[in-house]
Amino acid sequence: MVAIAATRQYGWPAMTEDLFRLEQETARRRTFAIISHPDAGKTTLTEKLLLLGGAIHLAGSVKSRKASRHARSDWMELEKQRGISVTTSVLQFDYHGLRCNLLDTPGHQDFSEDTYRTLTAADSAVMLIDAAKSVEPQTRKLFEVCHYAKLPVITFINKCDRPGLSPLDLLDDIETALGIRSCPINWPIEIGPNFRAVYDRQAERLHVWDEQANETIIDGNLESDAVRDVIGADAARHVAEEVALLDVAGDPFDLERIRNGELTPVFFGSAHRTFGIRPFLDALLELAPPPVLRNVASGDSDPNRSDFSGFIFKIQANMDPQHRDRFAFLRVCTGRFYRGMLVQHPASPQKLRITNPHIFLANERILVEEAWPGDVVGIFAQDYFRIGDSLYEGAKIVFRGMPTFAPENFATLRIPNALKRKQLDKGLDQLVAEGAIQMFRRTGTFEGEPILAAVGELQFDVLLFRLQNEYGVEATLRREPFTLARWVFGTGFDPKKLNHLESVACVKDRDGRDVVLLQAEWSQRMVLDRCKGVELLATAPPLH
């Protein structure tokens, strides 16, 4: 307010008031993703956070395919049928004056690419761990992505109402498996069927829940009569010993280390029973940082930049089957985004006017007049829009592109009805643009059918389902014998030198980059021996 008053009194530039509002709006944004191994309870936790934020009034169930309600974040028909998340949802809600942008990512490992791309749009991550299974393979992979991006990671140990590992063993596993130190913010009184309370180490208070998830807060440390009367003297003594051990041997709370990704705060609870969710959400929004400028590859990288900039991290077709629309998910990075603004796209010589931007609650959307750093906005996708594209006004800024990972499953696609070819081509073009599937074309005089490729097997199931459900095309797949793809980098590559190798196929990706498809790891050596001066890469090199 002082800046605004000074502007009016001394006639300083009027932009000061705009900058003040920009700072205010940015400071109250929290944009985070949830990462976990399948079946750790990610969708249930998402539903409960939305419930507390007032975005929904009745949490859906993902336990049964026959349930009358489905998780709000699982909007695609296939997700409802199978009870799994296969695509990223954007969920926005307000809580205690803060604007929360929750990026709900697929839990299944076959959709890792979508999750990796989404993490580039987040400022922090919630790592969800099953109390019985501890750190699982998919969690480890996703944590490595967060660690590489230096994202703060806040840990929630779920399913504490079921038999599980001891809290100390869980902490040890996190630190050993992931290589990050931990700092428990609260501590469970007991893990198992009798779990109903956690002790807040910092505030020295006890949170207790009944069967209806009603919460009672009791102030006092573990030596106080008020706490002992609730949990019993033996339990209080046991927890006091564990907490004393943490005080001596554990890491102290350090917000700077947390936001630098060097320390993960840990919370215990049960998403299914809504035990520990509210104190977790309260703490999460204090610990998670507001938006910062990241992922800049070139151009204006001033973190105080007032001009709008952002990047597209996801494209989704047919969110509304009745209109066959195609949305690009835009993460706002700097400046004020507003309806009707003109922005620059690197593939277009003309500026693009954004006429109908939307914000999301899964597949439901609301027309929005403005958005701020940290927000995710849906804009109608032009044909030339690509995942990783930058949009900006003012000085040019380019954000780092999204990685394309090497697939391990390959097939050609056949349709019994040749009259459906036009619908098939449209469907494949849009699904490839989304990143739902990869597509390669053979080099040479006879190209044949394109080769479709997937990181995970379930991607093929989703492909066939969506082709039939959204484009009216019934198709079958014929598997190809390849097991990996490698992008060719460097000079000296000549596909003719590989023509007679049955274990190798030379193809190009949708951007025209050379790729070799291999039937086995040892085939790489044959390619390198015949094509001197090249490298074989597991991720696509950047476009030039």
Asks: List the atom of Ile218, the atom of Ala226, and the distance in Å for their closest heavy-atom pair.
Replies: CG2-CB, 3.7 Å

Asks: Can a salt bridge be assigned to the pair Arg181 and Glu175 using a cut-off of 4.0 Å between side-chain N and carboxylate O?
Replies: yes

Asks: Hydrogens and angles aside, do Asn101 and Gln92 bring a side-chain donor and acceptor to less than 3.5 Å of each other?
Replies: yes

Asks: Quick one: does any side-chain atom of Ser390 pair with a main-chain N or O of Phe399 as donor and acceptor, under 3.5 Å?
Replies: yes

Asks: Under 4.0 Å between a side-chain nitrogen and a carboxylate oxygen: does that hold for Arg466 and Glu434?
Replies: yes

Asks: Looking only at side-chain N and O atoms, does Ser309 offer a donor or acceptor that is under 3.5 Å from a partner on Thr334?
Replies: yes

Asks: Of all the heavy-atom pairs spanning Arg273 and Pro193, show the shortest one and how long it is.
Replies: NH1-O, 3.9 Å

Asks: Determine whether Arg278 and Glu215 make a side-chain contact, defined as any pair of heavy atoms from C-beta on separated by less than 4.5 Å.
Replies: yes

Asks: Do Leu128 and Thr155 come within less than 4.5 Å of each other through their side chains, counting heavy atoms only?
Replies: no

Asks: After noting the C-alpha distance and the side-chain angles of Val398 and Val296, does the key distance pass the side-chain contact (heavy atoms from CB on, under 4.5 Å) rule?
Replies: CA-CA 6 Å; Val398 177; Val296 177; over 6 Å; no

Asks: Are Phe308 and Phe337 an aromatic pair by the rule of ring centers under 6.0 Å?
Replies: yes

Asks: Any side-chain heavy-atom pair from Ile312 and Phe385 closer than 4.5 angstrom?
Replies: yes

Asks: Are more than 12 heavy atoms from other residues, nucleotides or ligands located less than 6.0 Å from atom CD1 of Ile217?
Replies: yes

Asks: Can you check whether His96 reaches Leu285 side chain to side chain, under 4.5 Å on heavy atoms?
Replies: no

Asks: If you draw a 6.0 Å radius around CG in Asp39, do more than 12 non-hydrogen atoms from other residues or ligands fall strictly inside?
Replies: no

Asks: Could you give me the CA-CA distance, side-chain angles and deciding distance for Phe380 and His358, then say whether side-chain contact (heavy atoms from CB on, under 4.5 Å) is met?
Replies: CA-CA 9 Å; Phe380 288 110; His358 292 78; 4.2 Å; yes

Asks: Inspect the contact between Glu223 and Arg228 and indicate whether a charged nitrogen and a carboxylate oxygen are less than 4.0 angstrom apart.
Replies: yes

Asks: Using 4.0 Å as the upper bound for N to carboxylate O, is an ion pair formed by Glu370 and Arg336?
Replies: yes

Asks: Consider side-chain contact (heavy atoms from CB on, under 4.5 Å). Of Leu91, Val90, Leu50, which one does Asp104 pass it with?
Replies: Leu91

Asks: Could you measure the distance from the CG atom of Leu165 to the OG atom of Ser134? Nearest 0.5 Å is fine.
Replies: 6.0 Å

Asks: Within this structure, what is the CG-CD1 distance for the pair Asn194 and Ile231, rounded to the nearest 0.5 Å?
Replies: 13.0 Å

Asks: Tell me whether Thr26 contacts the main-chain N or O of Glu23 through its side chain, where contact means a donor paired with an acceptor under 3.5 Å.
Replies: no

Asks: Return the CD to CZ distance between Glu242 and Arg201, rounded to the nearest 0.5 Å.
Replies: 11.0 Å

Asks: Taking only Lys NZ, Arg NE, NH1 and NH2, and the carboxylate oxygens of Asp or Glu, determine whether Glu25 and Arg28 approach each other closer than 4.0 Å.
Replies: yes

Asks: Has His238 got more than 12 heavy atoms of other residues, nucleotides or ligands less than 6.0 Å from its NE2?
Replies: no

Asks: Could you check whether atom CD of Glu256 has more than 12 heavy atoms from other residues, nucleotides or ligands sitting under 6.0 Å from it?
Replies: no

Asks: With a 4.0 Å cut-off on N to O distance, would you call Asp123 and Arg331 a salt bridge?
Replies: yes

Asks: Please test Ile277 against Phe156 for side-chain contact (heavy atoms from CB on, under 4.5 Å), starting from the C-alpha separation and ending with a verdict.
Replies: CA-CA 9 Å; Ile277 305 301; Phe156 184 81; 3.7 Å; yes

Asks: Keeping the roles fixed (side chain from Glu262, backbone from Ile258), state whether a donor-acceptor pair exists under 3.5 Å.
Replies: no

Asks: Output yes when Arg257 and Asp251 qualify as a salt bridge under the 4.0 Å nitrogen-oxygen rule, no when they do not.
Replies: yes

Asks: Strictly distance-based, threshold 3.5 Å: is any side-chain N or O of Gln459 a donor or acceptor partner for the main-chain N or O of Ala436?
Replies: yes

Asks: For Asp18, is there an ion pair with Arg21 - N to carboxylate O distance below 4.0 angstrom?
Replies: no

Asks: Would you say the side chain of Trp209 lies within less than 4.5 Å of the side chain of Asn214, judging by non-hydrogen atoms?
Replies: no

Asks: Using side-chain heavy atoms (C-beta onward) and a distance below 4.5 Å, is Ile180 in contact with Phe143?
Replies: yes

Asks: Looking at Thr31 and Ala121, what are the two nearest heavy atoms and their distance?
Replies: CG2-O, 3.6 Å

Asks: Would you call Arg205 and Asp200 a salt bridge, taking side-chain N to carboxylate O under 4.0 Å as the test?
Replies: no

Asks: Going from OG on Ser124 to CD1 on Ile34, what distance comes out if it is rounded to the nearest 0.5 angstrom?
Replies: 10.0 Å

Asks: Side-chain donor-acceptor pair under 3.5 Å between Ser182 and Thr264, yes or no?
Replies: no

Asks: Any heavy-atom pair between the side chains of Asn356 and Leu367 that's under 4.5 Å?
Replies: yes

Asks: Please check: side-chain N/O of Lys48 versus main-chain N/O of His272, any donor-acceptor pairing under 3.5 Å?
Replies: yes

Asks: Roughly how far, to the nearest 0.5 Å, is CD of Glu144 from CD1 of Ile35?
Replies: 10.5 Å

Asks: Sequence neighbours left out, cut at 3.5 Å: what donor-acceptor pairs do the side chains of residues 146-154 make with other protein atoms?
Replies:
none

Asks: How close do Leu178 and Arg140 get, counting heavy atoms only, and between which atoms?
Replies: CD2-CA, 3.9 Å

Asks: Please find out if less than 6.0 Å separates the ring center of Tyr116 from that of Phe405.
Replies: yes

Asks: Provide the closest heavy-atom pair for Asn158 versus Gly41 in the form atom of the first, atom of the second, distance.
Replies: ND2-CA, 3.8 Å

Asks: Between Phe268 and Trp187, is the gap from one ring center to the other below 6.0 Å?
Replies: yes

Asks: Quick one: are Leu330 and Leu391 in side-chain contact, heavy atoms under 4.5 Å?
Replies: yes

Asks: Going from CG on Asn260 to CG on Asp254, what distance comes out if it is rounded to the nearest 0.5 angstrom?
Replies: 8.5 Å

Asks: In this structure, which one of Arg99, Arg30, Arg29 forms a salt bridge (charged side-chain N to carboxylate O under 4.0 Å, His left out) with Asp94?
Replies: Arg99

Asks: Can you find a side-chain donor-acceptor pair between Asp173 and Thr176 that sits under 3.5 Å?
Replies: no

Asks: Step through it carefully: locate the ring centre of Tyr392, locate the ring centre of His345, and say whether they are under 6.0 Å apart.
Replies: no

Asks: Between Leu22 and Trp372, does a side-chain contact (heavy atoms from CB on, under 4.5 Å) hold up when you go through it step by step?
Replies: CA-CA 7 Å; Leu22 174 61; Trp372 304 90; 3.6 Å; yes

Asks: Do you know which two heavy atoms are closest between Glu136 and Asp130, and how far apart they sit?
Replies: OE2-CB, 4.3 Å

